[in-house]
Participant: 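Can you keep this structure in mind? I'll have questions shortly.
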Amino acid sequence: MPPLKSDVWTWDTLIHILIIIALAIVARWLLRKGVDWTIRLMVSRSEKREATMPGRTRRILAEATGATLDRQNQRTTTVGGLLSNVGVAIIIIVALLSGFSTIGIKITPILTSAGIVGVALAFGAQTLVKDVLAGLFIIFEDQYGVGDAVKINEVEGLIEDVGLRVTRIRDWNGAAWYLRNGEITKVGNVTQGWTTSFTDIKVHALEDPNQVIRVIRKVLDDIAVEFEGTLLDKPLVLGVGDITGDTMTFQVMTKCIANQHHDVLRALRRECKDAFDAARIRGAF
């Protein structure tokens, strides 16, 4: 006895639903694999970039800026998890709509209504979507974080909050600026990385340059010990930079954690003055 038409329809429907579920599972698995591969790629790049720095420089910069490999890995994993969740939500919606169509529920009115609502929201929320996407990339790339001293567009100050839609900056006058992430076109972060400074030390032109260099080098040795956690490399005296009239100028180069060089330079000038007085080296007049 041949099967009833309704029985055939029921089995076809069940098979179609099983196929939809299987495809959704496969799509979710491929999505997870893709996200995991992207995370591993970003972590690998972070490891290679960190490995190019000398050990001492890497340690000091990581402690000062918080840009440790663990922090980068956590940030990458967090953003990857967010993207994965969004992808899973899309897969579930597509699977549900396909399932509705299979069991006979017309999805055309649903899609039409969703399309109208989507167009309306697209016009109203396109700026919001732009801001959120920009915020994701800012967090993912670690362009800046809370406490960083930055210049964003034309605003300078300290980062107080980094959100998906808005970044809040407190400028040097105390005003709070709220910048939409989608409108941020250029960022200068003076907290990440380092600062190289060239300082002039001036003495009388009749002094022995070799003796002056020896005294400055002794001062630089003391400075290197005092600011061990700030200096990335030992300060160097580059020699006589200029002789004008009664003034002989020596140049000193320092490489410090970004935005931390001011204290080093103040101590350098003070200790050079004390050392010159002790060695009876006349200063510039």
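Hydrogens, waters and symmetry mates play no part in the numbers below; they use all other heavy atoms, side chains included.
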Participant: I need the full list of salt bridge (charged side-chain N to carboxylate O under 4.0 Å, His left out) pairs touching residues 256-267, with sequence neighbours left out, sorted by first then second residue.
Facilitator: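 Counting only pairs at least two positions apart or across chains, the salt bridge (charged side-chain N to carboxylate O under 4.0 Å, His left out) contacts touching residues 256-267 are D263-R266.
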Participant: Can you check whether I138 reaches I184 side chain to side chain, under 4.5 Å on heavy atoms?
Facilitator: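 Yes, side chains in contact.
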Participant: Sequence neighbours left out, what passes side-chain hydrogen bond (donor to acceptor under 3.5 Å, both in side chains) with K33? Give chain and number order.
Facilitator: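 Partners of K33 under the side-chain hydrogen bond (donor to acceptor under 3.5 Å, both in side chains) test: none.
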Participant: Are L30 and I20 co-members of a hydrophobic cluster defined by side-chain heavy atoms under 4.5 Å apart?
Facilitator: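 Result: no, two separate clusters.
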Participant: I want to check something: taking the side chain as every heavy atom from C-beta on, are Q211 and I281 in contact at a cut-off of under 4.5 Å?
Facilitator: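 A side-chain contact exists here, since the closest heavy-atom pair is under 4.5 Å.
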Participant: Provide the closest heavy-atom pair for L232 versus C256 in the form atom of the first, atom of the second, distance.
Facilitator: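 Minimum heavy-atom contact is CD1-O, 3.9 Å.
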Participant: Tell me if a side-chain donor or acceptor on N189 pairs with a main-chain N or O of Q143 at a distance below 3.5 Å.
Facilitator: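 Such a contact is found between N189 side chain and Q143 backbone.
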Participant: Is any side-chain heavy atom of L158 less than 4.5 Å from a side-chain heavy atom of W172?
Facilitator: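 They are in side-chain contact.
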Participant: I need the T199 OG1 to I201 CD1 distance, nearest 0.5 Å.
Facilitator: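 The distance works out to 6.5 Å.
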Participant: Could you list the residues that satisfy side-chain hydrogen bond (donor to acceptor under 3.5 Å, both in side chains) with T167, not counting sequence neighbours?
Facilitator: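 With sequence neighbours excluded, T167 shows a side-chain hydrogen bond (donor to acceptor under 3.5 Å, both in side chains) to Y144, N181, given in chain and number order.
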Participant: Measure the shortest side-chain to side-chain distance between L265 and S197 over non-hydrogen atoms and say whether it is less than 4.5 angstrom.
Facilitator: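 Sidechains of S197 and L265: in contact.
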Participant: Would you say N173's side chain and A175's backbone share a donor-acceptor pair under 3.5 angstrom?
Facilitator: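 Pair absent, no side-chain N/O of N173 close to backbone of A175.
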Participant: Would V88 and R32 count as a side-chain contact (heavy atoms from CB on, under 4.5 Å) if you check the C-alpha gap in whole Å, the side-chain angles of each, and the deciding distance to 0.1 Å?
Facilitator: CA-CA 9 Å; V88 169; R32 294 287 188 183; 4.2 Å; yes
Participant: Quick one: closest heavy-atom pair of I243 and A205, and the distance?
Facilitator: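 Answer, listing the atom of I243 first, then A205: CG2-CB, 4.3 Å.
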Participant: Keeping the roles fixed (side chain from N153, backbone from T185), state whether a donor-acceptor pair exists under 3.5 Å.
Facilitator: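 Indeed, once roles are kept as given, a pair shorter than 3.5 Å links the two residues.
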Participant: What do the steps show when you test I216 against V252 for side-chain contact (heavy atoms from CB on, under 4.5 Å), and what is the final call?
Facilitator: CA-CA 9 Å; I216 294 177; V252 175; 4.0 Å; yes
Participant: Counting C-beta onward and ignoring hydrogens, is there a side-chain heavy-atom pair between Q251 and D200 closer than 4.5 Å?
Facilitator: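 They are in side-chain contact.
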Participant: Hey, could you give me the CG/CZ distance between L268 and F227, rounded to the nearest 0.5 Å?
Facilitator: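 It is 9.5 Å, given to the nearest 0.5 Å.
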Participant: Can you tell if the side chain of V212 reaches within under 4.5 Å of the side chain of F276, non-hydrogen atoms only?
Facilitator: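 Heavy-atom side-chain distance check passes, below 4.5 Å.
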Participant: Show the atom names and distances, to 0.1 Å, of all donor-acceptor pairs under 3.5 Å that link a side chain in residues 159-166 to residues at least two apart or in another chain.
Facilitator:
unit_1: E160; atom_1: OE1; unit_2: R168; atom_2: NE; d: 3.0
unit_1: E160; atom_1: OE1; unit_2: R170; atom_2: NH2; d: 3.2
unit_1: E160; atom_1: OE2; unit_2: R170; atom_2: NE; d: 2.9

Participant: Minimum heavy-atom separation for D233 to K255, with atom names?
Facilitator: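 Heavy-atom minimum between the residues: OD2-CD, 3.4 Å.
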Participant: Under 4.5 Å between any side-chain heavy atoms of V240 and M248, yes or no?
Facilitator: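 Result yes, sub-4.5 Å side-chain heavy-atom pair found.
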Participant: Roughly how far, to the nearest 0.5 Å, is NZ of K202 from OG1 of T244?
Facilitator: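 One gets 8.0 Å once the value is rounded to the nearest 0.5 Å.
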Participant: At what distance, to the nearest 0.5 angstrom, does NZ of K273 lie from CD of E271?
Facilitator: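 So the gap between those two atoms works out to 13.5 Å.
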Participant: T254 and F198: side-chain contact (heavy atoms from CB on, under 4.5 Å), yes or no, with the steps?
Facilitator: CA-CA 7 Å; T254 55; F198 296 89; over 6 Å; no
Participant: If you take all heavy atoms of C272 and V219, which pair is closest and at what distance?
Facilitator: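 Scanning both residues completely, I find the closest heavy atoms to be SG-CG1, 3.9 Å.
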Participant: Of all the heavy-atom pairs spanning A224 and P235, show the shortest one and how long it is.
Facilitator: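 That closest heavy-atom pairing would be CB-CD, 4.2 Å.
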Participant: Would you say I152 and V150 make side-chain contact, with heavy atoms under 4.5 Å?
Facilitator: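 Yes, at least one pair of side-chain atoms sits under 4.5 Å.
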Participant: Please assess E183 against L179 for the test side-chain contact (heavy atoms from CB on, under 4.5 Å), listing each intermediate value before the final yes or no.
Facilitator: CA-CA 7 Å; E183 297 298 319; L179 304 180; over 6 Å; no
Participant: Not counting sequence neighbours, which residues clear side-chain hydrogen bond (donor to acceptor under 3.5 Å, both in side chains) with E207? List them please.
Facilitator: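 For E207, the residues satisfying side-chain hydrogen bond (donor to acceptor under 3.5 Å, both in side chains) (neighbours in sequence not counted) are R282.
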Participant: What's the separation between atom CD in E156 and atom CH2 in W177, rounded to the nearest 0.5 Å?
Facilitator: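 Taking CD in E156 and CH2 in W177, the distance rounds to 11.5 Å.
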Participant: The criterion is side-chain hydrogen bond (donor to acceptor under 3.5 Å, both in side chains); which residues satisfy it with R269, sequence neighbours excluded?
Facilitator: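 Residues passing side-chain hydrogen bond (donor to acceptor under 3.5 Å, both in side chains) with R269: none at all.
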Participant: Show the nearest heavy-atom pair for residues L220 and V237, with the distance to one decimal.
Facilitator: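 Heavy atoms of L220 and V237 come nearest at CD1-N, 3.7 Å.
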Participant: Within this structure, what is the CD-CG distance for the pair E226 and L231, rounded to the nearest 0.5 Å?
Facilitator: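 Taking CD in E226 and CG in L231, the distance rounds to 9.5 Å.
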Participant: So that I can tick it off, tell me whether D221 and R217 are bridged by a salt bridge, with the cut-off set at under 4.0 angstrom between side-chain N and carboxylate O.
Facilitator: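 Salt bridge absent between R217 and D221.
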